[in-house]
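Computed from heavy atoms alone, side chains included, the values below leave out hydrogens, waters and symmetry copies.
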Amino acid sequence: MSDNAAIVRRFVDEILNQGDCDGACRFVCEDFVHLAPMPGQEHGLSGFQKTLNEVRAAFPDIYWSVEEQLSDGDRVVSRFVWTGTHEGDFLGLAPTGRRVTVWGMTIDRLVDGKIKETRFLMDVPGLMAQLGVVPAGQP
């Protein structure tokens, strides 16, 4: 495993899974750029921290599992699955109490051992179906 892939795995374990939003500065550049942001997400470390806090408020038991990684130079591609229970507002959707399992991928570019850019791709239709927003199998 490359050093960059190991850094991304530590980020998942220590920040995403443990909810250490303040500690994100150990892994994320101050001028971080999200290339596929969630609606309303701001760039920068503070924008990332705000979004992470919002997601953790919506899914307080969220847990990320890195299923596989590919690393090439300064880029790391991670295929993941996250699980959680929808217990708070999420993108304007009131809590449903439903448990979800969502797959996705990230493409991270690291600079000096920190995540500078990310592209976060997630099965949003599957998530919305699990939350009951759209019927299963519908776009």
Task: pair Thr96-His86: side-chain heavy atoms closer than 4.5 Å - done: yes
TODO: Please report the closest heavy-atom contact between Gly73 and Asn4, naming both atoms and the distance.
DONE: O-ND2, 3.1 Å
Task: Pairwise distance CG(Leu45) to CG(Asp22) - rounded to 0.5 angstrom - done: 9.5 Å
Task: Heavy-atom closest contact (Asp89 atom, Ala94 atom, distance) - done: OD1-CA, 3.5 Å
Open item on the list: Against Ile7, only a single residue in Leu110, Val12, Asp108 fulfils side-chain contact (heavy atoms from CB on, under 4.5 Å); can you say which?
Closed with: Leu110
Task: Single-linkage hydrophobic cluster Phe80~Val77, side-chain heavy atoms < 4.5 angstrom - done: no
Task: Over 12 foreign heavy atoms within 6.0 Å of CG, Asp61 - done: yes
Task: Positive for ring pair (Phe, Tyr, Trp, His ring centres under 6.0 Å) with Phe48, one of Phe11, Phe120, Phe27 - done: Phe11
TODO: Applying side chain to side chain contact (heavy atoms under 4.5 Å, CB included), run through Val66 and Arg9 and close with a yes or a no.
DONE: CA-CA 7 Å; Val66 175; Arg9 281 187 180 268; 3.6 Å; yes
- [ ] Compare every heavy atom of Asn17 with every heavy atom of Ile62, then report the nearest pair and how far apart it is.
- [x] O-OD1, 4.3 Å
Open item on the list: As an exercise, state the distance from CE of Met128 to CG of Leu91, rounded to the nearest 0.5 Å.
Closed with: 5.5 Å
- [ ] Starting at CZ of Arg56, measure out to CD of Glu87 and round the result to the nearest 0.5 Å.
- [x] 11.5 Å
Task: Nearest heavy-atom neighbours spanning Ala129 and Arg98 - done: O-NH1, 4.1 Å
TODO: Enter the distance from Ile115:CD1 to Thr106:OG1 here, rounded to the nearest 0.5 Å.
DONE: 7.5 Å
Open item on the list: Once you measure the plane-to-plane angle for Phe90 and Phe59, does it fall in the parallel (<30°), tilted (30-60°) or perpendicular (>60°) bin?
Closed with: perpendicular
Open item on the list: Tell me whether Lys114 at atom NZ has more than 12 heavy atoms from other residues, nucleotides or ligands lying less than 6.0 Å away.
Closed with: yes
Task: Heavy-atom pair of closest approach, residues Gln130 and Val100 - done: OE1-CA, 3.2 Å
Open item on the list: Can you confirm whether Arg75 sits close enough to Glu117 that some side-chain heavy atom of one is under 4.5 Å from a side-chain heavy atom of the other?
Closed with: yes
Open item on the list: Side chains of Glu54 and Met38, heavy atoms from C-beta outward: is any pair under 4.5 Å?
Closed with: no
Task: Aromatic ring pairing Trp82/Trp64, orientation class (parallel under 30°, perpendicular over 60°, tilted between) - done: tilted
Open item on the list: Who clusters with Val111? Use side-chain heavy atoms, under 4.5 angstrom, across I, L, V, M, F, W and Y, and order the result by chain and number.
Closed with: none
Open item on the list: Do Glu67 and Trp103 have side chains that approach each other closer than 4.5 Å (heavy atoms only, starting at C-beta)?
Closed with: no
Task: Name of the residue among Leu70, Thr118, Ile107, Val8 meeting side-chain contact (heavy atoms from CB on, under 4.5 Å) with Ser78 - done: Val8
Open item on the list: Using a 4.5 Å cut-off between side-chain heavy atoms of Ile, Leu, Val, Met, Phe, Trp and Tyr, which other residues end up in the same hydrophobic cluster as Leu121?
Closed with: none
Task: Considering all heavy atoms, the nearest Val76-Ser71 contact - done: CG2-OG, 3.9 Å
TODO: Any pair with a residue in residues 27-47 that passes side-chain hydrogen bond (donor to acceptor under 3.5 Å, both in side chains), sequence neighbours left out, goes on the list, sorted by first then second residue, please.
DONE: Asp31-Lys116
